[in-house]
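Data block below; observations after.
Residue indices begin at 1 and follow the sequence shown. In listed order, ligands and their atoms are each counted from 1.
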Amino acid sequence: MLDVDRIRADFPILKRQVHGKPLVYLDNAATSQKPEVVIQALTDYYRQYNANIHRGVHTLAEEATAAYENARRKVGRFINAYSPREVVFVRNTTEAINMVALTWGRAHVREGDVIVLSVMEHHSNLVPWQLLAQSAGAQLEFVELDPQGHLDLEHLRRLLDTHGERVKLVAMSGMSNVLGTINPVAEIAALAHAVGALFLVDSAQSVPHLPVDVQAIGCDFLAFSGHKMLGPTGIGVLWARKEVLQAMPPFMGGGEMIKRVRLRESEWNDIPHKFEAGTPNVAHGIGLGVAVDYLTGIGMENVKAHEQSLAGYALERLAAVPNLHIYGPPCPDRGGVITFNLMRGGELLIHPHDLASILDQEGIAIRAGHHCAEPLMDYYGVPATARASFYIYNTEEEVDRLAEALLRAQDLFGIS
Ligand code: C6P
């Protein structure tokens, strides 16, 4: 069990009020809050050893380089990378997936090839593949869902059987940002590899909330964002197997990604630097390392257990709210994401945006909209949904406040 009171004390923002009410922050799938140690790490860098890295021999440059490379090692250990050299720092999940599409994808995906995705994907794990498929003349296929919101693995098997070796890549989320579904990524990796395809995990929602071990999954690429896991914005990670990264052409050209430059051609640096052109986000990389320390200190099994217990409590508590339709699977197949609509006979009673505004008046922050998963909204035939998403500092009392606010919102709209 987590000592949530102690954890909450580490997050200065949780002390603030919104519209005169204590903040209930339930928008963690969009971005998490930051503990004092992460905020402090950024200030320390700028106050004490701000310098460019991998370039200078002066003390500040050496200290900054050591801290940044240490953060890379921490991140590598956190996901059980084979080597820290497999950890490429990028801006976020979106950049990581685009990097794969624009480098590995352009080199390996040809006309008639197939990329297998699912209908629950975030736009970041969809649009880069659309762009690649359009330029290469490749085909996209989509795994559908079962009625509870799990991936239909039989459908995946059928797609892989049908297209066989033409499938070059399977790319799926580790956990859905809308349904909360935890996907069986190790099983998917094995199915993808059986036809010779590589497997990319969009881990934007899984690395922050579940233990993730790239060796146990057996994936080839994994992408995630620092800002969703207590770290700063503007720093994220592309992990890929060493052999895959080494064979991949570079992404952007410039300083740092080269070993030797002539006027007409250049020799690339070793991985991961080959993919980190220009001055990187030094402060935020170091901050991500501190966030990883913080999560490691809690233990990712404990993080997962806390969020699943909150999700279970929320499913039970919200079941008592009339007219509430919840999307996604039951526990334990889901993490701490609860997406819902107030509806009757398939019609929305309150638009999720109105609902989010009403809850905001009560100090409760949830997200409303399509959650950057428009095809999934189409799949369920709704324009938008409301979503509450949990993290280590959320409590059952906050879930109670959400449930009570949902009842009051219906009163306000005169819904009986
Ligand atoms: N989802 C949400 O509110 P970036 O923006 O690059 O850090 O992460 C993109 C991304 C990719 N995949 C999944 C599964 C995600 O959930 C996200 C981000 C946020 O659901 C913001 S749209």
Provide the number and element of each atom of ligand 1 under 4.0 Å from a heavy atom of [X].
| X | result |
| --- | --- |
| A204 | 10 (C), 11 (C), 12 (N), 13 (C), 15 (C), 17 (C) |
| Q205 | 1 (N), 14 (C), 15 (C), 16 (O), 20 (O) |
| S124 | 9 (C), 11 (C) |

Please check if any side-chain donor atom of H227 sits under 3.5 Å from a side-chain acceptor atom of N92, or the reverse.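 No - no donor-acceptor pair under 3.5 Å links their side chains.
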Between R158 and H155, do the side chains contain a donor N or O and an acceptor N or O under 3.5 Å apart?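 On atom types as modelled, these side chains do not qualify, holding no pair under 3.5 Å.
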Side chain or backbone of A30 under 4.0 Å from ligand 1, or both, or neither, by non-hydrogen atoms?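 Both backbone and side chain.
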Any atom of ligand 1 sitting under 4.0 Å from a heavy atom of H227?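 True for this residue.
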Is R387 near ligand 1, meaning one of its heavy atoms is under 4.0 Å from it?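 Yes, that is the case, since the closest heavy atom of the residue is under 4.0 Å from the ligand.
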Tell me if a side-chain donor or acceptor on K168 pairs with a main-chain N or O of V114 at a distance below 3.5 Å.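 It does not hold such a pair.
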Counting only heavy atoms, tell me which of H370, K228, H371, H122 gets closest to atom 19 (C) of ligand 1.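 Checking each option, the heavy atom nearest atom 19 (C) of ligand 1 is found in K228.
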Please compare N98, D202, N177 and report which has the shortest non-hydrogen distance to atom 20 (O) of ligand 1.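 Checking each option, the heavy atom nearest atom 20 (O) of ligand 1 is found in N177.
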Donor-acceptor pairs under 3.5 angstrom involving side-chain atoms of residues 318-329: please list them, not counting sequence neighbours.
residue, atom, partner, partner atom, Å
N323, OD1, R344, NE, 3.3
N323, ND2, Q410, OE1, 2.9
Y327, OH, N341, ND2, 3.1

Protein contact to atom 3 (O) of ligand 1 [nearest heavy atom, distance to 0.1 Å]: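 For atom 3 (O) of ligand 1, the nearest protein heavy atom is R367 NH1, 2.5 Å.
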What about F89 and Y68, are their ring centers closer than 6.0 Å?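 Close enough - the centres of the two rings lie under 6.0 Å apart.
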Taking only residues two or more places apart in sequence or in another chain, which ones pass side chain to side chain contact (heavy atoms under 4.5 Å, CB included) with N70?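 Listed in chain order: R73, K74.
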